[in-house]
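Working notes, structure below.
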Number of protein chains: 2
Amino acid sequence: MHASFHPQASFDPDYNPMIRKLESIFTLTDDERRALETLPMQLAVLRDHQDIVREGDRPSRSCLILGGFTATYKITAGGKRQIVAFGIPGDIPDLQSLHLKVLDVSIGTLTQCRLGFITHDDLRDLCTRFPRIAAAFWRETLIEGAIFREWVINIGRREAYSRMAHVLCEFLVRLRAVGLVEGHACDLPITQVEFADALGITPVHINRVFQQMRADGLIELKGERLNIPDWDRLKHVGEFDSTYLHLEIDQAVA
Amino acid sequence: MHASFHPQASFDPDYNPMIRKLESIFTLTDDERRALETLPMQLAVLRDHQDIVREGDRPSRSCLILGGFTATYKITAGGKRQIVAFGIPGDIPDLQSLHLKVLDVSIGTLTQCRLGFITHDDLRDLCTRFPRIAAAFWRETLIEGAIFREWVINIGRREAYSRMAHVLCEFLVRLRAVGLVEGHACDLPITQVEFADALGITPVHINRVFQQMRADGLIELKGERLNIPDWDRLKHVGEFDSTYLHLEIDQAVA
DNA sequence: CGACTCTTTGAATTTTGTCAAACTGAGTGG
DNA sequence: CCACTCAGTTTGACAAAATTCAAAGAGTCG
């Protein structure tokens, strides 16, 4: 079972995408499940474009994204912003701070977000008691690393057009894994300026690329709604191969 | 064999940079030390420019770099190569394969390398018995991730000149942490073509950048020997701040 | 209707890429 | 010891991709 449309998932306050994600990797024991369900979590809702944590912070907790999208970014000395990762529901974008005291990036919301803050003490305790969960968390950060590598390749070696195609493919596949894609369409609440900051290009150029992709029938983008009429062609243009996302379930469309 | 201010370190067959690295983070207990010292490790020496593992492999062991330098890379569909990381002594460039079955990158030697292969079974056993070592390994992979993020920023948002300055700074600081820098000089057994593949630029352009940097007195580069006459200026040009490397010891020169 | 953010457009400029050839220095073998 | 090779570096002229600057349009919200 994969990737179906679960609108309720986004609204049910008890729905925990972290548990769902772990279950997709291995079957939880009753003890593990109970520990996860009772894991103390401080809920918060943030407006769009708010910082969650900032470079230089020494956080004592990490945040699980329950709903909404985040961006992990850094501002260069020259004042330019580079987004290095997008966070989607189920992600813990600052899990790294569990082992690295000082945060080397900032994380902010792109849309309104429902977040669950979990203290490092509780996370450490969980990892000590349940090594399989610890391994799964470690694995998550390794996949995050694989995505960073792919971004280096994307930005370093592909021109703007296929670079954009590649992130769109990645975004769609990741969203599908958490059930946020309907058919070949999904919400895309990311502005052209934000894409520019993520792809290392100029907003002006992003716009030109989008124009071209629309003209080529590669994407249908209106407002915050994205539709992919020809997935195989988009994959081909973006040279996209989902292996690096290390999804357990082989998605028919990935 | 070059590349070392501590010749004994490179030649002593018992010298293990992994133990040294762990000791720089916390004091090992006798049990931990013994386990590390007796960790079965298959030694190998590889010529320069040999693949150690390839994309798509499903390795059952990881390799510790005892001496020499490696490059982690991927070839795009268009046949271009992007290097996403340099491996230096003390690194385990494919530690990720402990938790991610299929390798999503290739790793090859840049120079002749002395490698120590450790089976995943032995590593898993070590991690289970010594949670602090497991945490330290996890931490290493998180720092690796931080370096990837920095590369995204470097390639995405800096022009060739400061981009090069930045990698040189990073390389020097990392080398210094393992005792491979003398004063402000180190071996730099990386060709211009390889730098091009790492920085996402053309070899021709790398050359122009080097020319300019030499003319500006920013670097002294002759053969495989690099000297930095003015560290502060190089750092400034590369907008380099070593925080993301998460070194425990604050290096005077970092 | 402003006020606002986000998108779109055009023209001139800069950075970087491409291609092709020459140069350099360290081996190698006659 | 001198060609010869070979990998790596350097150069120049030209082309392409992307940036910059500046301004105009579109959509939404109070």
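Keep in mind the model is a prediction, meaning the values are calculated, not measured. Just so it is clear: chains get the letters A, B, ... in the order the sequence lines come, proteins before strands, and each one is counted from 1.
Taking only side-chain atoms of Glu159(A), from C-beta outward, the nucleotide of dT20(D), dT11(D), dA17(D) with the closest atom is dA17(D). Of the candidates dT7(C), dT8(C), dA18(D), the closest approach to any side-chain atom of Thr191(A) belongs to dT7(C). Checking dT8(C), dC19(C), dC6(C) against every side-chain atom of Gln192(A), the shortest atom distance belongs to dT8(C). Each of dT7(C), dC19(C), dA18(D) was ranked by its minimum atom distance to the side chain of His205(A); first place goes to dA18(D). Closest approach to the Arg208(A) side chain among dT19(D), dA18(D), dG12(D) is made by dT19(D) (side chain taken as heavy atoms from C-beta onward). Nearest to the side-chain atoms of Thr202(B) among the listed nucleotides dT19(D), dT10(D), dG17(C) stands dG17(C). Which of dT16(C), dG17(C), dT11(D) sits closest to the side chain of Asn207(B) comes down to dT11(D).
Distance, Phe195(A) CZ to dT7(C) C1': 14 Å, rounded to whole Å. In this structure, Gln212(A) atom CD and dA17(D) atom P are separated by 11 Å, rounded to whole Å. Taking atom CG of residue Asp197(B) and atom P of nucleotide dT9(D), one finds them 12 Å apart after rounding to whole Å. Atoms CD1 (Ile206(A)) and P (dA18(D)) sit 10 Å apart, rounded to a whole Å. Atom-to-atom, CG of Leu226(A) to C1' of dT7(C) comes out at 17 Å; the value is rounded to the nearest Å. In this structure, His49(A) places its NE2 atom 17 Å from P of dC4(C), rounding to the nearest Å. The interatomic distance linking Ile190(A) (CD1) with dT7(C) (P) rounds to 11 Å, in whole Å. Rounded to whole Å, atom P of dT11(D) lies 14 Å from atom CZ of Phe210(B).
The side chain of Gln211(B) places an N or O atom within less than 4.0 Å of a non-bridging phosphate oxygen (OP1 or OP2) of dT11(D). Within the 4.0 Å cut-off from OP1 or OP2 of dT9(D), not a single side-chain nitrogen or oxygen of Arg214(B) is found.
Within a 6.0 Å sphere centred on CZ of Arg54(A), heavy atoms belonging to other residues, nucleotides or ligands number 12 at most. The 12-atom threshold is exceeded at CZ of Arg233(B), counting heavy atoms of other residues, nucleotides or ligands nearer than 6.0 Å.
Remark on DNA chain D: of its neighbouring residues Lys222(A) and Val209(A), the 5'-side contact belongs to Val209(A), judged by nearest-heavy-atom nucleotide.
Paired with Leu115(A) under the rule side chain to side chain contact (heavy atoms under 4.5 Å, CB included), one option of Ile52(A), Leu43(A), Leu64(A), Ile92(A) passes, and it is Ile52(A).
Ionic pairing of Glu144(B) and Arg174(B) is not present here: no N-O contact between side-chain nitrogen and carboxylate oxygen is shorter than 4.0 angstrom.
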Under the ring pair (Phe, Tyr, Trp, His ring centres under 6.0 Å) criterion, do Phe195(A) and Phe171(A) qualify, and how do the steps go?
CA-CA 12 Å; Phe195(A) 268 119; Phe171(A) 197 72; 7.5 Å; no

